[in-house]
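To keep things clear, I will list the structure first and then write my remarks on it.
Here is how names work: the chains are called A, B, and so on, in the same order as the sequence lines, proteins then strands, and each is numbered from 1.
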2 protein chains.
Amino acid sequence: MSDQKSNHDTRERILDVAERLFMAHGYEGTSMRMITTGAEVNLAAVNYHFGSKEALLREVFRRRLGWLNRERLQVLDALESEAAGAPLKPSQILEAFFGTLLRIGEDSSLGGMTFLRLLGRTLTEPAEFIRTFFASEYAEVIDRYKQALFTALPDVPKAEIVWRLHFMLGAMSYAIAGTDVLRVVTGCELGDLAGEGTADAVDDPALARRLAQRLMPFLLGGLRAPLPLGLESRTFSLASSSEDDAQAQTPNHLQEKQS
Amino acid sequence: MSDQKSNHDTRERILDVAERLFMAHGYEGTSMRMITTGAEVNLAAVNYHFGSKEALLREVFRRRLGWLNRERLQVLDALESEAAGAPLKPSQILEAFFGTLLRIGEDSSLGGMTFLRLLGRTLTEPAEFIRTFFASEYAEVIDRYKQALFTALPDVPKAEIVWRLHFMLGAMSYAIAGTDVLRVVTGCELGDLAGEGTADAVDDPALARRLAQRLMPFLLGGLRAPLPLGLESRTFSLASSSEDDAQAQTPNHLQEKQS
DNA sequence: CTAAGATTCAAACGAACGTTTGAACTAGGC
DNA sequence: GCCTAGTTCAAACGTTCGTTTGAATCTTAG
């Protein structure tokens with residue numbers, strides 16, 4: 001009751017409410033009045049503390065992405081220095097990149113499932129300033145991990161790695177953002193399917209752990225899939241020779257079945 | 001110059017422009033005035049012909065999804081009757097589901113890349129009426145394909161199949177919707193990476209073909225990835241015994257590396 | 001030609017939007 | 001006490017939103 005609580009209190013309360021509402025209704029679908037009413041502050045408070053609605057959104061993300069970016073770079077640094085020059089295994093890289101992200105969902109002080117879902121959903125927002133913001137926020141980390149994958153998979157065309165990184169980002173982004181979408185589409189609750197009964201488990205931190213356990217093998221399987229026809233140029237070695245990354249190397253007969 | 005062209009002309013022109021603008025700016029980010037100005041019709045034309053902005057969006061999708069749903073069911077029917085009771089191969093099911101979709105991108109009369117990107121982007125729209133609409137439009141097809149995958153992979157827990165179907169939908173949705181996102185993030189144009197030089201190839205029908213060739217192996221690899229730890233309950237047989245679906249069955253050591 | 005229906009048009013509607021204003025209130029230092 | 005800087009407040013700003021209106025125009029059939 002002593003320290004200047006009002007400042008911090010108002011700012012944080014606005015950020016918390018905005019985070020939740022942006023997640024539920026998107027950027028354009030969330031009005032200043034919804035935010036200020038939910039945070040029980042005056043309408044002018046957002047513009048006073050943050051300057052504008054756009055700046056508020058940026059601050060909502062900056063508050064969380066700082067930790068994420070730092071952690072991602074740090075984990076990758078640790079892996080690379082531990083490997084002492086030897087190329088990393090793809091599984092290690094994916095675990096560092098996606099595992100770090102999914103750990104946010106387990107820790108409410110890092111944003112929890114709310115921020116995780118907001119992040120996944122906002123990546124597909126069409127507004128220009130949002131794209132620009134994410135491009136600058138993500139550029140360094142994405143580039144580091146891209147290079148790490150290039151080194152880990154020297155015989156795979158770089159274009160193919162970028163495509164698959166794109167696919168992996170999509171699978172994860174959609175998976176965390178659209179849990180309710182799938183629930184509606186499939187007509188059954190994910191928790192039930194997974195054997196855990198709690199109905200409103202969307203915000204459950206345990207969901208993040210289960211999601212990670214499910215998502216990681218899927219992503220790794222996709223990353224190490226056989227190359228598309230016409231691209232197995234060199235010796236075919238998507239999977240490295242290290243023990244746990246060994247994988248069958250069967251050609252795929254998926255393409256041109258009926259077109 | 002005889003048939004009542006004005007009606008058809010106005011309606012189609014509105015739908016075409018709305019399709020493009022919804023794709024570029026999202027539902028909330030596209031105003032009636034943007035649409036009517038772009039289509040060179042009066043502001044009241046949309047409400048006259050469609051009733052409301054929401055109804056317009058629904059009609060934009062109904063115009064295209066009819067073909068898609070019909071084709072997807074038809075292709076699956078053909079496969080199942082051809083198999084004469086034998087379970088389908090997962091690769092066939094994925095080819096039927098995602099190949100049919102991606103063929104839209106190659107044919108501008110089915111909507112082309114514009115509709116494809118619109119579809120991918122709209123799946124993550126937060127507006128409630130959009131979710132409801134897609135749930136009803138997709139329910140039947142998704143259920144049929146889900147059942148087909150259950151049959152094709154009898155030894156895989158159904159929950160796991162639903163999760164991976166979810167992941168696959170996400171990878172594809174994001175891949176077609178967010179090509180420019182990746183371009184910004186990675187700082188390099190996808191066409192260049194793929195070796196094809198054309199700069200503004202986002203709307204190129206050939207992109208759909210390339211995308212399909214890249215996406216399908218990734219999805220299949222993810223679908224057939226080893227089960228997460230603690231779920232290899234029965235005999236481990238994610239991959240069927242048929243020739244082209246054979247796959248190595250190595251356990252994965254991804255989980256619990258450092259948490 | 002004319003009456004009837006379908007379509008287009010300019011103009012306006014009320015509501016909601018993000019933002020700004022200027023006064024009121026709340027601290028802490030002198 | 002008063003002053004100053006930081007914060008909150010009610011009220012209004014101008015703009016844009018989706019929608020509606022009623023007259024004008026076009027199309028078609030009798």
Side-chain angles (χ1 to χ4, degrees), chain A residues 1-61 122 125-130 132-133, chain B residues 1-61 122 125-130 132-133:
Chain A
M1 62 175 68
S2 55
D3 46 13
Q4 70 276 37
K5 66 152 197 178
S6 65
N7 181 353
H8 265 220
D9 229 36
T10 301
R11 275 184 61 100
E12 292 287 310
R13 216 159 58 239
I14 290 176
L15 289 173
D16 288 341
V17 172
E19 188 172 70
R20 183 163 43 81
L21 290 179
F22 283 149
M23 181 269 284
H25 307 108
Y27 175 74
E28 309 252 26
T30 303
S31 70
M32 299 259 112
R33 285 163 178 85
M34 291 166 65
I35 296 171
T36 52
T37 301
E40 299 181 279
V41 300
N42 188 268
L43 173 59
V46 171
N47 284 283
Y48 174 78
H49 284 285
F50 302 97
S52 69
K53 189 185 177 187
E54 292 194 3
L56 170 62
L57 179 95
R58 277 191 288 263
E59 191 54 34
V60 165
F61 280 97
T122 310
E125 283 271 359
E128 187 56 36
F129 86 96
I130 298 182
T132 307
F133 172 72
Chain B
M1 61 174 69
S2 56
D3 45 14
Q4 69 277 38
K5 69 148 198 180
S6 65
N7 182 351
H8 263 221
D9 228 37
T10 302
R11 274 184 62 101
E12 293 287 309
R13 214 159 59 238
I14 290 176
L15 288 174
D16 288 341
V17 171
E19 189 172 69
R20 183 162 44 81
L21 291 178
F22 283 147
M23 181 272 283
H25 308 106
Y27 175 75
E28 309 252 26
T30 304
S31 71
M32 300 258 116
R33 286 162 177 85
M34 291 165 66
I35 296 171
T36 52
T37 300
E40 296 181 283
V41 300
N42 187 269
L43 173 58
V46 170
N47 285 282
Y48 175 78
H49 284 284
F50 301 97
S52 70
K53 188 186 177 187
E54 292 194 2
L56 170 63
L57 180 94
R58 277 191 289 263
E59 192 54 34
V60 164
F61 280 97
T122 311
E125 283 272 357
E128 187 57 36
F129 86 95
I130 297 182
T132 307
F133 173 72

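Atom CD1 in B/I35 sits roughly 10 Å away from atom P in D/dT19 (whole-Å rounding). Between A/N47 atom CG and C/dG18 atom P there is a gap of 9 Å when expressed in whole angstrom units. Between the P atom of D/dT7 and the OH atom of A/Y48 lies a distance of 4 Å, rounded to the nearest Å. Atom pair B/M32:CE and C/dA12:C1' shows a separation of 18 Å (rounding to whole Å applied). In this entry the distance linking CZ of B/R13 with C1' of C/dT8 reads 12 Å, nearest Å. Between the CZ atom of B/R33 and the P atom of C/dA10 there is a distance of 13 Å, rounded to whole Å. Between the C1' atom of C/dA11 and the CG atom of B/L43 lies a distance of 10 Å, rounded to the nearest Å. Rounded to an integer number of Å, the gap from CG of A/N42 to P of C/dT26 is 15 Å.
Within 4.0 Å (heavy atoms only), A/A45 reaches no atom of the nucleic acid at all. Within 4.0 Å of A/T36, counting heavy atoms only, lies no atom of the nucleic acid at all.
Of all heavy-atom pairs between A/K53 and A/T30, the closest is NZ-O, 2.7 Å. Here the closest heavy-atom approach between residue A/E125 and residue A/Y27 is recorded as OE2-N, 3.1 Å. Across every non-hydrogen atom of B/V46 and B/S52, the tightest pair is CG1-O, 4.3 Å.
OP1 or OP2 of C/dT8 has at least one side-chain nitrogen or oxygen of B/T10 nearer than 4.0 Å. Between A/S31 and C/dC17, a side-chain N or O to OP1/OP2 separation shorter than 4.0 Å is present. In this structure, B/H49 reaches the C/dT8 phosphate: one of its side-chain N or O atoms is under 4.0 Å from OP1 or OP2.
Toward the 5' end of DNA chain C, the nearer of the two residues A/M34 and A/A44, judged by each one's closest nucleotide, is A/M34.
Sparse packing is recorded around CD of A/E40, with 12 or fewer heavy atoms of other residues, nucleotides or ligands lying under 6.0 Å away.
Looking at the side chain of B/S52, the nearest of the listed nucleotides D/dT19, D/dA11, D/dT7 is D/dT19.
Applying the side-chain contact (heavy atoms from CB on, under 4.5 Å) test between A/T36 and each of A/N47, A/N42, A/L43, A/V17 identifies A/L43 as the sole match.
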